[in-house]
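Report on the structure given below.
Computed from a predicted model, the values in this text were never measured in an experiment. Here, residue 1 is the first one in the sequence, and each next residue gets the next number.
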Amino acid sequence: MFRVLTLLVIGLFWHLSSFAQQPVLLPKPASVQYGSGQLPLRNLTVFERANTHRAFTFSINELKKWIEERSGSPVRKAASASAATVRYTVRSVGGELPGPNEATNGNKREAYRLVVTPKGIDITAETSAGLYYAVQTLRQLIQGSGPTAWLPTVTIDDKPRLAYRGVMMDFAHGGLLTVAEIKRQLDFLARWKTNQYYFYNEVSIQLDGFPTLNYKASYTKAEVKSIVEYARERHIDVIPFVNFYGHLHELIRNEKYADLAIGTYGHELDPRKPGVQTLLRNWIGQYMDLFTSPFIHVGFDETWETKRLAGDATTGLNPEALYIDQLKFVTEALKPYNKTVMAWTDMSSYYPDIIGKFPAEVVPVIWEYTPDSTAIYRYLNPVLKEKKPFFIQPAVSGWGHIYPASDYTYTNMDLCLQVGLKHQTRGYITSVWTDSVEPFVRASWLFMAYGGIGAWQGIAPDKASFTTAYSALVHPGIASELQQAYDHLATAGQYLDKCLGKNTQSLPRGTLIEAWSNPFSAYYLKNTTEHKTDFEAVRKHTEAAAEQLITAIQKAPKADRGLVNSLLVTARLVNYTAMRFLWAKAITDRWNEAMVVRKTEDFVFYDLTYPCHSLLVDAQDETGELKTAYAEAWLDECMPFRLNTMLGRFDLDFSLWRKLHLKVLDYKIQNLKTEPVPTFERLFTPDF
């Protein structure tokens, strides 16, 4: 009896130990069954066939690289396929990228079966895409490091829930990522089995015949082609996303093209002008030479200027008719290139029947960036009414914040995924907008992964544990520090949202719009008084995040330091936002309490102006130091374009603190004291 109990206890312990060691896999495969053994990574072998398709070779080389990185042991060549311990079978050549009918073929192209036993690894895939995704899963399965690194025994059968899983990257509004950064981003997205990368562009690609358009603020054709090829190796289709109607201010602000606009130096082309069609046919031809994707997204969102001008009875404009005429023209112009045309549908909020007037072949894309299912259905219902296949597009809520609004973003993504799946969406696109220019895109990577993971597995990741699992997978050596930093930044954002973000009007919602406002104005001094504890909480959480990130930088591998530093500068920026409002209140309160209420200097000049440690000098120091750190982080991620515009914000803020410093000193030195002493705000009129 004792022996039986002992064996049961040992068996239970082994079962629980094995369960505890099961790795977290993101996305979660459709079916996972673990065994009880292990496969050591040392001494693995693979047979390298002659004339192997380059897509197969690329995936196996990636696997070899990751195994050697983790174990320190290279994967050696096997003498034959039967002698190899890493074995793979791919049923068909081709199919590296999703085609236009991907969503109607059962998602078989990306399916794979992965079996790990103590004797080796077996991968069976439909195409090279399935092989590549099996390799990505193997990367997450690796346990330990060095000579004892190993894989658990497991059988995995997997394929995506959604055929199209994309990220839309904005290359039109904010800074322009360097080509190297775009490729780092593609490597990152491939980890989560993303298969589409929407290259949102207005005039940021150099085109023949337009040399002055965004001079030194665009990508060359050679750079774009290198990005397309780099993505293809990673089974990501780079899709041209060009707004062929609205959002073209950077074009029509030029005098040469101003007469193509419907307004004056505005945003939208005038479809009635023949020159517009000539220009767009030129552009279409050049874009089709650059992008090999079977898809193109033509935008067509927010044509508000046409609608505004139509309000003038003298114009005779019919915005709905112009919109449809332009969409029909663009669709016809693209037909010779055999592209699937995608377009946004938000104009249906103004014209409820407009979807029924779309060309039949156009695929509607529903975008909604709020955590509100009612808002999603506002755009979705007109599409459902017409029984059209559609894509759905949530967003990382980062354009209105220094650090993305975490829960707001997660909930928006979750609802779009749920609603999209309920109504058989063909695909899911995570938007990353850069309208506010200032925020670093790297701060959005966490959320880009979240969206891609949900699109593959068909259910959103668990928000409560996501940063822990994500950090462990992406940054295993600094996982604890990154997880804590992410959580502190998210919490800081929630507190800041209580303080700012109410005065954005038509601008993007969020806290960034007010972050650089005059903190000494009556409105903001009152606001700071009301939200003092919230601002203080922002500082406490960003300081806690910074502490973790500083520790992480010291421990991080070289490849991770740039991203960690971007997060550190982001934490400091959020902290400074709270600091400048709290410092303005502290400065005014200190002066008013001493000089107005108590009518005694009481070291007030020392507290406000002492050259090495005082409130006004603190603000100058932090502004100057942060400007340098921001510039370094920007140039690690982006081209110089628009950097000076951002640095000007620091310069202006520095001048505010410096001017006040000099005014207070002059007041003391020149003995300008009068009775009664005015309040700080009235006496020194703090302004930029």
Side-chain angles (χ1 to χ4, degrees), residues 100-104 162-164 166 168 196 198 200 239-248 262 267-269 271-272 280 294-310 317-335 339-370 372-395 412 415-431:
N101 298 317
E102 189 86 359
T104 58
L162 285 176
Y164 304 108
M168 187 224 75
Q196 289 184 324
Y198 291 80
Y200 181 83
I239 297 171
F241 194 153
V242 193
N243 233 316
F244 284 142
Y245 190 5
H247 289 296
L248 285 172
I262 202 161
H267 307 280
E268 293 160 27
L269 297 173
R272 301 169 299 178
L280 291 184
F295 294 91
I296 180 170
H297 197 313
V298 298
F300 274 69
D301 66 317
E302 299 177 345
T303 52
W304 297 327
E305 189 174 23
T306 304
K307 191 174 190 318
R308 174 179 62 80
L309 292 172
L317 292 176
N318 182 335
E320 183 180 15
L322 286 177
Y323 183 101
I324 293 300
D325 287 347
Q326 182 74 345
L327 184 56
K328 286 179 178 178
F329 160 71
V330 169
T331 304
E332 286 296 317
L334 284 162
K335 275 186 178 178
K339 301 293 182 181
T340 297
V341 178
M342 307 167 72
W344 275 318
T345 67
D346 55 283
M347 293 307 287
S348 65
S349 62
Y350 296 110
Y351 310 105
D353 298 323
I354 199 170
I355 304 301
K357 300 173 185 178
F358 274 33
E361 60 269 40
V362 172
V363 177
V365 181
I366 290 93
W367 67 262
E368 178 52 53
Y369 306 151
T370 63
D372 181 352
S373 58
T374 301
I376 295 170
Y377 276 105
R378 177 182 59 174
Y379 293 136
L380 180 57
N381 282 334
V383 174
L384 296 177
K385 177 184 174 184
E386 299 299 329
K387 299 180 180 179
K388 285 182 172 288
F390 69 94
F391 281 56
I392 199 159
Q393 187 168 353
N412 168 235
L415 286 173
C416 282
L417 182 62
Q418 292 168 17
V419 171
L421 288 171
K422 180 179 179 180
H423 298 284
Q424 292 80 51
T425 183
R426 296 291 173 87
Y428 179 96
I429 306 168
T430 300
S431 303

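In this structure, Thr104 OG1 and Glu102 CD are separated by 8.5 Å, a value rounded to the nearest 0.5 Å. For the atom pair CD1 (Ile429) and CG (Leu162), the distance works out to 11.0 Å, reported to the nearest 0.5 Å. Between the NZ atom in Lys422 and the CG atom in Leu384 there is a gap of 10.0 Å [rounded to 0.5 Å]. With rounding to the nearest 0.5 angstrom, the CD atom of Gln196 is 11.5 Å from the OG1 atom of Thr430. Going from atom CG of Asn381 over to atom NE2 of His423 covers 7.5 Å, rounded to the nearest 0.5 Å. Tyr369 contributes atom OH, which lies 12.0 Å from atom CD1 of Ile376 (distance to the nearest 0.5 angstrom).
Gln418 places no side-chain N or O within 3.5 Å of a backbone atom of Cys416 that could act as its donor or acceptor partner. Proximity of a side-chain donor or acceptor of Glu368 to a complementary backbone N or O of Ser373 within less than 3.5 Å is not detected. One N or O on the side chain of Ser431 and one on the backbone of Pro394 form a donor-acceptor pair closer than 3.5 Å. Side-chain atoms of Tyr428 never come within 3.5 Å of backbone atoms of Leu421 as a donor-acceptor pair (strictly under, hydrogens ignored). Remark: side-chain polar atoms of Glu302 are not paired, donor with acceptor, to backbone N or O of Trp304 under 3.5 angstrom. Not one N or O on the side chain of Glu361 forms a donor-acceptor pair closer than 3.5 Å with the backbone of Val341. The backbone N or O of Leu248 sits nowhere less than 3.5 Å from a side-chain atom of Asn243 that would complete a donor-acceptor pair. Remark: side-chain polar atoms of Asp346 are not paired, donor with acceptor, to backbone N or O of Tyr379 under 3.5 angstrom.
When every heavy atom of Pro389 is checked against every heavy atom of Pro364, the shortest pair comes out as O-CD, 3.1 Å. For the pair Gly356 and Glu386, the tightest heavy-atom approach, listed with the atom from each and the gap, is CA-CD, 3.5 Å. Closest non-hydrogen pair, Pro359 versus Thr331, comes out as CG-OG1, 3.9 Å. When every heavy atom of Phe300 is checked against every heavy atom of Met347, the shortest pair comes out as O-CG, 4.3 Å. In plain terms, the two heavy atoms of Ala343 and Phe358 that are nearest each other are CB-CE2, 4.4 Å. Of all the heavy atoms in Ala395 and Asn412, the pair that sits closest is N-OD1, 3.0 Å.
The shortest side-chain heavy-atom distance between Leu415 and Asp372 does not fall under the 4.5 Å cut-off. A 4.5 Å side-chain heavy-atom check between Leu280 and Leu269 finds at least one atom pair inside the cut-off. For the pair Phe390/Thr345, no side-chain contact is recorded, criterion being any heavy-atom separation below 4.5 Å from C-beta on. Between Ile366 and Thr425 there is no side-chain heavy-atom pair separated by less than 4.5 Å. Contact check for Met168 versus Trp367: no side-chain heavy atoms found under the 4.5 Å cut-off. Under the 4.5 Å side-chain criterion, counting only non-hydrogen atoms from C-beta, Leu327 is in contact with Val298. With a 4.5 Å cut-off on side-chain heavy atoms, Glu305 and Leu309 count as touching. Side chains of His297 and Val365 form a contact here, defined as non-hydrogen atoms less than 4.5 Å apart.
Under 3.5 Å, the side chains of Thr303 and Glu268 contain no donor-acceptor pair of N or O atoms.
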Between Met342 and Phe295, does the side-chain contact (heavy atoms from CB on, under 4.5 Å) criterion hold? Intermediate values first, please. CA-CA 7 Å; Met342 307 167 72; Phe295 294 91; 3.9 Å; yes
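The aromatic rings of Tyr198 and Phe241 sit perpendicular to each other, their planes meeting at more than 60°, with 30° as the lower class boundary.
In this structure, Tyr245 has its ring center at least 6.0 angstrom away from the ring center of Trp344. The aromatic ring centroids of Tyr323 and Tyr351 lie 6.0 Å or more from each other.
Lys388 NZ: more than 12 foreign heavy atoms inside a 6.0 Å radius.
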